[in-house]
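Structure, as structure tokens:
Values below: every heavy atom of this structure, side chains too, minus hydrogens, waters and symmetry copies.
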Amino acid sequence: MLEPLAPTLIGDFQERPLPAATRRDVSPAGLQGKIDVLIGMRRSGKSWRMAQAMGDLLAAGVPKTRLLHVNFDDERLQPLRASDLHHLPEAFFRLYPENKAQRCHFFFDEIQSVPGWETFIRRMLDTENVQIMLTGSSAKMRSREIATTLRGRSLATEIFPFSFREALRHRALDDTPAEAAGSARRARLSHELHAYLEAGGFPEVQGLAAHHRVGILQEYVDVVILRDVVERHGVGNVTALRYLIRRLLSGPATAFSVNRFHNDLQSQGLACGKNALHEMLAHLEDAYLVQGVAIDSRSQRQRQVNPRKMYPIDTGLAQAFRTSPDANRGRLLETLVLLDLRHRGFETHYLRTEAGYEVDFIARSPDGPPALIQACESLRDPSTRERELRALIAAMQERGIGSGTVVTLDDDERIASLAGPVTVVPAWRWLLRPAGFLGPSPPLD
């Protein structure tokens, strides 16, 4: 099947212009001798990031004839076996024989649909002068499986839905740091932040009306349920699975206990074992639908007995599955802060002080001190202000961290405390802070 079709696939790619994709900030390693694997939830923009990589090569002067791209979701390629794949490089080098003596770049979308694809990829890396980039559905191409099947020959890069900066860029708006923003830009960024909190960052739904956006995002979840959990792992209790997903997505940034959820299922007359629920939760995390944050503790027992806080991979998903008309903007903002930290590669936990006060995040980078971050819709309510600052300052004192940050929707303030300064910063400014910066944005003049 592939042998007569291969020259056509190659010719179609050569004739077709690359898609005009919004530029993403995440950068695969691109190391010689390593395969770059882009992983993430379905529809989060992996193919767009691959198109960006191809565009960068063309901009650097690499002829397009040294690029090979195949999307294995093409219905003409169904079904395929690994033994068919050799026809692609053979046809490529037959059409462009001069490429045998030059470095070429192979891009394969959704190659996991071909059983046994790993042996082909390893052989290409070992026998040809090629750099390879792959994308695939998250559950089938997640890093643990890649490390096993490609035997240390790959580096995984996580692709998330658009960050706030990328969403602004997608709409051709100013995405530069906003430290000295004037009143007009402050108002515009505040408006855009509120809209982003509602819509999330999946590329396909940007700018859509709410009813269209919600329908598309719910379809995304249905695909995850069917392909990445039910078909892949043989989960039969779909009713309990859907109930679990709704609970996780409709209640973002909350502690989740399998034991309590199991009791809730029983009260609803739904039968499902605790082990099965643990497995379902792991499958949903592997599919990048949700993510868990553990308590910050060196004690394994403490990490086990304290529930993890669960967050959706996108605030738009939480909005698409909310059960009440009034969204909890504080929890959505907390989700957004976590997503930004994960976008930037920080290790993140939540923290509980000796007195039992909770700080939303303690975030660490390999080359800098930890940062303490609270996320709160607003500090204007006196009781909320006292609660949030009390926890943050107590954590600063206990951990010996000399500053703290409170990310809010619109508040902007500097607070002096005995433990050190606390920066209250609007989310639109904090999300546009310089790359690699963890704590509060640099102080204003």
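For the pair Leu270 and Asn237, the minimum side-chain heavy-atom distance is 4.5 Å or more. Residues Leu95 and Gln14 fail the side-chain proximity criterion, which asks for heavy atoms closer than 4.5 Å. The closest side-chain heavy-atom distance from Trp428 to Glu192 is not below 4.5 Å. Under the 4.5 Å side-chain criterion, counting only non-hydrogen atoms from C-beta, Phe256 is in contact with Leu281. Counting heavy atoms from C-beta outward, Val293 and Asp360 have side chains that stay 4.5 Å or more apart. Counting only heavy atoms from C-beta outward, the side chains of Val114 and Asp84 never approach each other to under 4.5 Å. Using a 4.5 Å heavy-atom cutoff, the side chains of Asp36 and Arg49 are not in contact.
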Arg122 vs Thr119, test: side chain to side chain contact (heavy atoms under 4.5 Å, CB included). Steps then yes/no.
CA-CA 5 Å; Arg122 285 201 302 268; Thr119 56; 3.6 Å; yes
Before you tell me yes or no, could you show the steps for Leu248 and Leu289 under side chain to side chain contact (heavy atoms under 4.5 Å, CB included), namely the whole-Å CA-CA distance, both residues' side-chain angles and the distance that decides it to 0.1 Å?
CA-CA 10 Å; Leu248 295 171; Leu289 183 64; over 6 Å; no
Go through Phe162 and Trp48 one step at a time and tell me if the side chain to side chain contact (heavy atoms under 4.5 Å, CB included) criterion holds.
CA-CA 11 Å; Phe162 284 151; Trp48 279 22; 3.7 Å; yes
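Remark: Arg103 CZ is packed, more than 12 non-hydrogen atoms of other residues, nucleotides or ligands lying under 6.0 Å away. In Asn275, the CG atom is not crowded: 12 or fewer heavy atoms of neighbouring residues, nucleotides or ligands sit closer than 6.0 Å. The local environment of CD in Gln300 is sparse, with at most 12 non-hydrogen atoms from other residues, nucleotides or ligands closer than 6.0 Å.
Within the structure, side-chain hydrogen bond (donor to acceptor under 3.5 Å, both in side chains) pairs that include any residue of residues 201-219 comprise Glu204-Tyr220 (at least two apart or interchain). Residue pairs meeting the side-chain hydrogen bond (donor to acceptor under 3.5 Å, both in side chains) criterion with at least one partner in residues 23-32, sequence neighbours excluded, are Arg23-Asp56, Arg24-Glu166, Asp25-Arg169.
Under the side chain to side chain contact (heavy atoms under 4.5 Å, CB included) criterion, Ser250 pairs with Thr323, not counting sequence neighbours. For Val230, the side chain to side chain contact (heavy atoms under 4.5 Å, CB included) partners at least two apart in sequence or on another chain are Ile225, Val238, Leu241. Partners of Arg303 according to the salt bridge (Lys or Arg N to Asp or Glu O under 4.0 Å) rule, which considers only residues two or more places apart in sequence or in another chain, do not exist here. Remark: Tyr243 pairs with Phe261 by the ring pair (Phe, Tyr, Trp, His ring centres under 6.0 Å) rule, at least two apart or across chains. Under the salt bridge (Lys or Arg N to Asp or Glu O under 4.0 Å) criterion, Asp174 pairs with Arg185, not counting sequence neighbours. For Glu90, the side chain to side chain contact (heavy atoms under 4.5 Å, CB included) partners at least two apart in sequence or on another chain are His86, His87, Arg94. For His69, the ring pair (Phe, Tyr, Trp, His ring centres under 6.0 Å) criterion is met by Phe13, not counting sequence neighbours. The ring pair (Phe, Tyr, Trp, His ring centres under 6.0 Å) check on Phe107 picks up nothing, with sequence neighbours excluded. Residues satisfying the side chain to side chain contact (heavy atoms under 4.5 Å, CB included) criterion with Pro19, sequence neighbours excluded, are Ala51. Annotation: ring pair (Phe, Tyr, Trp, His ring centres under 6.0 Å) contacts of Phe160 (sequence neighbours excluded): His343.
Counting only N and O atoms by type, the side chains of Gln112 and Glu110 include a donor and acceptor under 3.5 Å apart.
For Arg165 against Asp175, the heavy-atom pair with the smallest separation is NE-O, 3.1 Å. Considering every non-hydrogen atom in both Pro28 and Thr157, the closest pair reads CA-OG1, 3.5 Å. Across every non-hydrogen atom of Arg331 and Pro252, the tightest pair is CD-O, 3.2 Å. A pairwise comparison of heavy atoms in Leu197 and Arg329 identifies CD2-NH1, 3.5 Å as the closest pair. Residues Val406 and Cys376 share a closest heavy-atom pair of CG1-CB, 4.3 Å.
Interatomic distance, Met133 CE to Phe108 CZ, rounded to the nearest 0.5 Å: 12.5 Å.
Checked by atom type and distance alone, the side chain of Gln374 never pairs as donor or acceptor with a backbone atom of Glu334 at under 3.5 Å. The backbone N or O of Phe346 sits less than 3.5 Å from a side-chain atom of Thr348, completing a donor-acceptor pair.
Tested against Glu128, the residues Phe92, Phe106, Phe93 include a single side chain to side chain contact (heavy atoms under 4.5 Å, CB included) partner, Phe93. Arg66 pairs in a side chain to side chain contact (heavy atoms under 4.5 Å, CB included) with only one of the listed residues (Asn99, Leu57, Val130, Leu58), which is Asn99.
Salt-bridge check for Asp340 with Arg344: passed, with a basic side-chain N closer than 4.0 Å to an acidic carboxylate O.
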